[in-house]
There are 2 protein chains.
Amino acid sequence: MDASEIYKALADIQRVRLLNLIEASPLCVCHLQTLLDAPQVKISKQLAYLKTLGLVEAERRGNWMIYRMAQPVPDLLTSNLQHLRDSKESSGRQLQVDTRARTQLLKQLAAPKSTCPKVLFNALCS
Amino acid sequence: MDASEIYKALADIQRVRLLNLIEASPLCVCHLQTLLDAPQVKISKQLAYLKTLGLVEAERRGNWMIYRMAQPVPDLLTSNLQHLRDSKESSGRQLQVDTRARTQLLKQLAAPKSTCPKVLFNALCS
DNA sequence: GCAGTATATTCCGTTAATTGAATATACTGT
DNA sequence: ACAGTATATTCAATTAACGGAATATACTGC
C-alpha cells in the first residue's frame with residue numbers, strides 16, 4: 001500500500017467522511033447515502049474508488065452491501081483520520097457531526113419499532 | 001488552508017520529496033533539481049503548484065530562486081512528513097536518502113573549493 | 001416468474017493534473 | 001549592448017478524476 005494512494009483517498013472531503021464513518025464500524029451504502037446526503041451513484045463510485053485503493057472491502061448481505069475497512073488499516077490512515085477528527089477546521093467539525101449522526105442512526109436502528117431488517121442490522125453489528 | 005489541499009500536495013512522491021527537503025531549510029531550484037534528478041520544468045512546475053497551494057514561497061536572489069516553507073507550516077503537513085520519514089516503506093527510505101544527500105550537498109557548498117556563489121550560499125543559510 | 005429494492009456500471013461530457021518541447025523572462029558579468 | 005545562466009511560462013497532448021442520467025445487476029418476497 002503506497003502512501004500516495006492513501007493521500008489520494010484523503011484529498012476529498014467526502015471520501016474522508018466515508019472513511020471516518022466506516023472506520024468506527026461497518027455501514028451499508030444506504031446509510032452512508034443518508035449520512036452524507038449525497039446521491040447514490042456518487043457514494044457508490046467513491047466507495048468503488050476506495051475499494052480499488054484497497055482501503056475498504058464490501059460484503060453483500062441480502063440486498064445490502066456492507067462496507068468495512070480492509071485489514072490491516074494503515075497507520076498513516078488511522079493517524080490522519082484521528083488528526084482530522086481532532087482538528088477545529090471545518091472538516092473536523094463535519095466529521096464530529098457525522099459521527100454523532102451515525103451514533104444516532106444506529107440507535108434508531110436498534111429501537112424496537114425500527115423497520116430495519118434484522119439481516120442488515122446484524123451485519124452492521126458484526 | 002484546507003486539509004484536502006495538503007493531501008493533494010502529498011499525493012505525489014516527488015512533491016513529498018520537495019517538501020521534505022525544503023522543510024529542513026530553504027533550497028534553490030537547481031539543487032532540488034539535482035537532488036531529485038528530475039528535469040527543470042518538472043521541478044519548477046511542482047514548486048509552482050505547491051506555491052498556489054500556499055505551502056511554499058519563493059524569493060529571488062540573483063539568478064536563483066530560493067524556496068522555503070510558507071509560515072506557519074500546517075500541523076497536518078509537519079506530522080505527515082515526520083510520519084513518512086519514520087516509515088519503513090519505500091517512500092520513507094527515499095526521504096532518508098534525500099535528507100542525507102542534502103546534508104552532503106550543503107557540506108560541499110560550504111567547502112573552501114566550492115564554486116557556489118556566495119550570494120546563493122548565504123541565501124541557503126538564512 | 002414478476003415487481004420491487006439496493007447497489008453497481010456504463011456512457012458521456014467536463015475539469016484538473018501531468019508531461020515535454022519550445023520559448024520567454026530575469027538576472028549576471030563583461 | 002551582449003552572451004550566458006537560472007528559472008518560469010506557454011502550448012499541446014495525455015491521462016485521471018468527477019458528476020449525472022440511464023441502465024444493468026443482484027437480490028428479496030410473493
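Since we're looking at a predicted model, the values are computed, not measured. Computed from heavy atoms alone, side chains included, the values below leave out hydrogens, waters and symmetry copies. Chain A is the first sequence line, chain B the second, and so forth, proteins listed ahead of strands; every chain is numbered from 1.
B:Val41 and B:Leu36 fall into different hydrophobic clusters, where Ile, Leu, Val, Met, Phe, Trp and Tyr side chains are chained together by heavy-atom contacts under 4.5 Å.
Spacing between atom CD of B:Glu59 and atom C1' of D:dT7 amounts to 15 Å, rounded to whole angstrom units. Counting to the nearest Å, the C1' atom of C:dT9 and the CD1 atom of A:Ile43 are 16 Å from each other. Between A:Gln33 atom CD and D:dG20 atom C1' there is a gap of 14 Å when expressed in whole angstrom units. Spacing between atom CD1 of B:Ile66 and atom C1' of D:dT7 amounts to 12 Å, rounded to whole angstrom units. The nearest whole Å value for the distance from the NZ atom in B:Lys8 to the P atom in D:dC18 is 9 Å. Atoms CZ (A:Arg60) and C1' (C:dT5) sit 11 Å apart, rounded to a whole Å. Atom CG of B:Leu53 and atom C1' of C:dT18 are 15 Å apart (whole Å). At whole-Å resolution of the value, CG in B:Asn63 and P in C:dA26 are 13 Å apart.
A:Gln82 and A:Arg85 share a side-chain donor-acceptor pair at under 3.5 Å.
Backbone-only contact: A:Pro39 has heavy atoms under 4.0 Å from sugar-phosphate atoms and none from a base. Within 4.0 Å of B:Val29, counting heavy atoms only, lie sugar-phosphate atoms of the nucleic acid but no base atom. Looking at heavy-atom distances under 4.0 Å, B:Arg61 makes no contact with the nucleic acid at all.
When each of A:Leu21, A:Ile43, A:Leu19, A:Ile22 is tested with A:Tyr67 by the rule side chain to side chain contact (heavy atoms under 4.5 Å, CB included), just one qualifies, namely A:Ile22.
Put simply, the side chain of B:Lys45 and the base of D:dT10 share a donor and an acceptor less than 3.5 Å apart. The base of C:dA6 has none of its N or O atoms less than 3.5 Å from a complementary donor or acceptor on the side chain of A:Gln40.
The minimum heavy-atom distance between B:Gln14 and B:Asp12, with the atom names listed, is N-OD1, 2.7 Å. Between A:Leu76 and A:Ala3, the closest heavy-atom pair is CD2-CB, 3.8 Å.
Comparing A:Trp64 and A:Ala48 by the nucleotide of DNA chain C that holds the closest heavy atom to each, the one mapping nearer the 5' end is A:Trp64. Take the nearest nucleotide of DNA chain D for A:Gln14 and for A:Gly62: the residue whose nucleotide is more 5' is A:Gln14.
Between B:Tyr49 and C:dT19 there is no side-chain polar atom (N or O) within less than 4.0 angstrom of OP1 or OP2. Between B:Arg15 and C:dT18, a side-chain N or O to OP1/OP2 separation shorter than 4.0 Å is present.
Looking at the side chain of A:Val41, the nearest of the listed nucleotides C:dA8, D:dA21, D:dT7 is D:dA21.
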